Amino acid sequence: MKKIHIIIFAAVASCLIIRFTIWQLFFNPQHLPSGDYISQSTSSNGNYTVKIYQSNGGATTGFAIRGEVTYNNKTFHKNKNIYWNYPQEKAAVKWINHDTVNISGHVLNVKKDTFDFRYESE
């Protein structure tokens, strides 16, 4: 009976490790291609800066846009990917208020929201 429990535990643990590894390698927004810098926009209170990068996937895949927010704080600077869209060549950035930004029609609260085309349903 104990062998069955060990086998089940090992199988479940293996599946979880494989799933986590695949997510880290292919779907984690913090591991996106860096791309070429296009522009940046800072919130009106100066607390956040969104930088826009264009990633070229080559002749067959086209362009993607990555948006990275920088938290401007006197004690630390932290960067986080909040926007990833494909296919897209250019991006328009407009701040709605101190912590909400509109990137090409996608309204995001920079503290908690992200947009990733891979998770959007048609």
Side-chain angles (χ1 to χ4, degrees):
M1 188 70 170
K2 287 186 178 184
K3 280 188 175 183
I4 292 175
H5 286 94
I6 292 171
I7 292 171
I8 292 172
F9 175 78
V12 169
S14 297
C15 288
L16 290 174
I17 289 170
I18 291 169
R19 183 175 182 205
F20 177 77
T21 302
I22 290 170
W23 185 81
Q24 283 291 332
L25 292 174
F26 299 108
F27 297 103
N28 186 340
Q30 298 311 319
H31 297 233
L32 295 173
S34 58
D36 297 321
Y37 172 81
I38 296 176
S39 64
Q40 72 181 35
S41 179
T42 302
S43 63
S44 58
N45 65 359
N47 287 344
Y48 307 101
T49 300
V50 171
K51 294 181 181 179
I52 300 296
Y53 298 87
Q54 182 187 62
S55 180
N56 184 353
T60 58
T61 59
F63 293 99
I65 295 293
R66 179 176 67 90
E68 175 185 272
V69 67
T70 300
Y71 300 92
N72 303 320
N73 186 307
K74 292 180 182 178
T75 58
F76 73 97
H77 291 280
K78 181 179 178 185
N79 297 337
K80 177 184 169 190
N81 290 321
I82 63 168
Y83 185 83
W84 179 243
N85 197 21
Y86 169 84
Q88 185 176 346
E89 286 189 42
K90 298 178 182 178
V93 179
K94 182 172 175 21
W95 287 92
I96 295 172
N97 58 38
H98 297 310
D99 54 11
T100 305
V101 66
N102 182 326
I103 304 175
S104 298
H106 300 278
V107 177
L108 304 171
N109 180 310
V110 297
K111 294 178 184 177
K112 60 182 179 178
D113 295 334
T114 60
F115 173 79
D116 189 328
F117 78 94
R118 299 173 293 182
Y119 303 118
E120 297 301 311
S121 59
E122 296 290 321

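Keep in mind the model is a prediction, meaning the values are calculated, not measured. Residue numbers start at 1 and run along the sequence shown.
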Any chain of hydrophobic side-chain contacts (each under 4.5 Å) joining [X] to [Y]?
X    : Y    : value
F117 : V101 : yes
F115 : Y71  : yes
F9   : I17  : no

Item to complete: Apply the test side chain to side chain contact (heavy atoms under 4.5 Å, CB included) to residues D113 and I82: give CA-CA distance (whole Å), side-chain angles for both, the deciding distance (0.1 Å), then the verdict.
Response: CA-CA 7 Å; D113 295 334; I82 63 168; over 6 Å; no
Can you tell me how far [atom2] of [Y] sits from [atom1] of [X], rounded to the nearest 0.5 angstrom?
X    : Y    : atom1 : atom2 : result
W84  : H106 : CH2   : NE2   : 13.5 Å
T70  : K80  : OG1   : NZ    : 12.5 Å
I96  : N109 : CD1   : CG    : 10.0 Å
I103 : L108 : CD1   : CG    : 5.5 Å
Q40  : Y53  : CD    : OH    : 8.0 Å

Worksheet item: Got a sec, which pairs hit salt bridge (Lys or Arg N to Asp or Glu O under 4.0 Å) with one end in residues 42-54, sequence neighbours left out?
Response: none
So, for [X] and [Y], which heavy atoms are closest and what is the spacing to 0.1 Å?
X    : Y    : value
S104 : A91  : OG-CA, 3.3 Å
S43  : N45  : OG-OD1, 2.8 Å
Y48  : K111 : OH-CE, 3.2 Å

Using only atom types and a distance under 3.5 Å, with no angle test, would you say the side chain of [X] pairs donor to acceptor with the backbone of [Y]?
X   : Y    : answer
T49 : S41  : no
Q54 : D36  : no
Y86 : R118 : no

Discussion item. The test is side chain to side chain contact (heavy atoms under 4.5 Å, CB included); show your working for N81 and D116 and say whether it passes.
Written reply: CA-CA 10 Å; N81 290 321; D116 189 328; over 6 Å; no
Worksheet item: Can you check side chain to side chain contact (heavy atoms under 4.5 Å, CB included) on V107 and T100, steps first, answer last?
Response: CA-CA 7 Å; V107 177; T100 305; 3.5 Å; yes
Item to complete: May I have the step-by-step check of side chain to side chain contact (heavy atoms under 4.5 Å, CB included) for I38 and K90, ending in yes or no?
Response: CA-CA 8 Å; I38 296 176; K90 298 178 182 178; over 6 Å; no
